[in-house]
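Structure first, commentary second.
Values reported hereafter were calculated over all heavy atoms of this structure, with side chains retained and with hydrogens, waters and symmetry mates removed. Computed from a predicted model, the values in this text were never measured in an experiment.
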Amino acid sequence: YSAKPLLPALFVENARKGSIVSRANSIGSTSGSSVPNTDDEDSDYHQEPYKESYKDQRRRAHTQAERKRRDAIKKGYDDLQAIVPTCEQQDFSIASQKLSKAIVLQKTIDYIQFLHKEKKKQEEEVSTLRKDVMALKIMKVNYEQIVKAHQDNPNEGKDQLSDEVKFNVFQGIMDSLFQSFNASISVTSFQELSACVFSWIEEHCKPQTLRDIVIGVLHQLKSQLY
């Protein structure tokens, strides 16, 4: 009889323990499901590398090309400013200011025009010097011929004409030539003399003209010749 009251108590204790276990299992399962599965999610969340789109590539290439173009233009203006002497700062009040591109271009144009004028002037001087050289060569050849003729025949005509008569003939020919020379040639400078001498030679030193001059001088001095 004494064991009968213990059965309900034992039954109640076992029921209480079962509810506690079930509640613990439910809490564990719930907490287990709330904890993230890092392995699975890491594999699902794998980030792929960024791929540049065609539009971005074109934009980047355009930016680089534009930067290169601007750098090339800047270098060109810097080179002009370094080469052109008139681009050097002369005014101390604006020495700290940078020349604008428009001023650099204008000074460059002015300097190029100046160089063209200088080139033309030098070409004219070279042409004049060439004429001078040609005239000197002609004179050299003539004097060489005179010296050679005198060396080959040192005594030719020595007994026929005196030195005084020769000088008079020479003086008469030279006086006649000098009159035309003085009227046609400007002797202000050696350049002007060189520029005019060829036209005078062509006009007043032709063989027929020289022949007439010599005949005229000999006719004037015939009394001394015979």
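- The two residues S180 and L177 come nearest to each other via the heavy atoms OG-O, 2.8 Å.
- Residue pairs that meet the side-chain hydrogen bond (donor to acceptor under 3.5 Å, both in side chains) test with at least one member in residues 107-116, sequence neighbours left out, are Q106-D110.
- With S176 contributing its side chain and G172 its backbone, the two residues share no donor-acceptor pair below 3.5 Å.
- For the atom pair CD of E124 and NZ of K120, the computed distance is 6.0 Å after rounding to the nearest 0.5 Å.
- Put simply, OG1 on T86 and CG on L99 are 9.5 Å apart, with the number rounded to the nearest 0.5 Å.
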**Q.** Test log, rule salt bridge (Lys or Arg N to Asp or Glu O under 4.0 Å), inputs E66 and R69
**A.** CA-CA 5 Å; E66 181 66 17; R69 185 183 69 85; 2.6 Å; yes
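- Side-chain atoms of T209 never come within 3.5 Å of backbone atoms of C205 as a donor-acceptor pair (strictly under, hydrogens ignored).
- Residues V169 and V217 share a closest heavy-atom pair of O-CG1, 3.7 Å.
- Here CD1 of I215 is found 11.0 Å from CG of L210. Values are rounded to the nearest 0.5 Å.
- Here salt bridge (charged side-chain N to carboxylate O under 4.0 Å, His left out) pairs that include residues 125-147, with residues two or more places apart or in two chains, are K140-E144.
- No continuous path of ILVMFWY side-chain contacts below 4.5 Å connects I173 to F167, so the two sit in separate hydrophobic clusters.
- Each of I103 and I109 belongs to its own hydrophobic cluster when Ile, Leu, Val, Met, Phe, Trp and Tyr are linked at side-chain heavy-atom distances under 4.5 angstrom.
- Nearest heavy atom pair, residue E202 against residue K206, reads O-CE, 2.8 Å.
- For the atom pair NZ (K166) and CZ (F170), the distance works out to 13.0 Å, reported to the nearest 0.5 Å.
- Side chains of Q208 and D212: a donor on one and an acceptor on the other come within 3.5 Å.
- Every residue two or more places apart in sequence or in another chain that forms a side-chain hydrogen bond (donor to acceptor under 3.5 Å, both in side chains) with K119 is listed here: E123.
- With sequence neighbours excluded, the residues satisfying salt bridge (Lys or Arg N to Asp or Glu O under 4.0 Å) with K74 are D78.
- Y143 and I138 are not part of a single hydrophobic cluster, where members link through side-chain heavy atoms under 4.5 Å apart.
- Taking a 6.0 Å sphere around CE of M174, one finds it holds more than 12 heavy atoms contributed by other residues, nucleotides or ligands.
- For the residue pair Y77 and L105, the shortest heavy atom distance occurs at OH-CD1, 3.5 Å.
- With sequence neighbours excluded, no residue forms a side-chain hydrogen bond (donor to acceptor under 3.5 Å, both in side chains) with R67.
- For D71, there are no salt bridge (Lys or Arg N to Asp or Glu O under 4.0 Å) partners, not counting sequence neighbours.
- Note that NZ of K75 is 15.0 Å distant from NZ of K68, once rounded to the nearest 0.5 Å.
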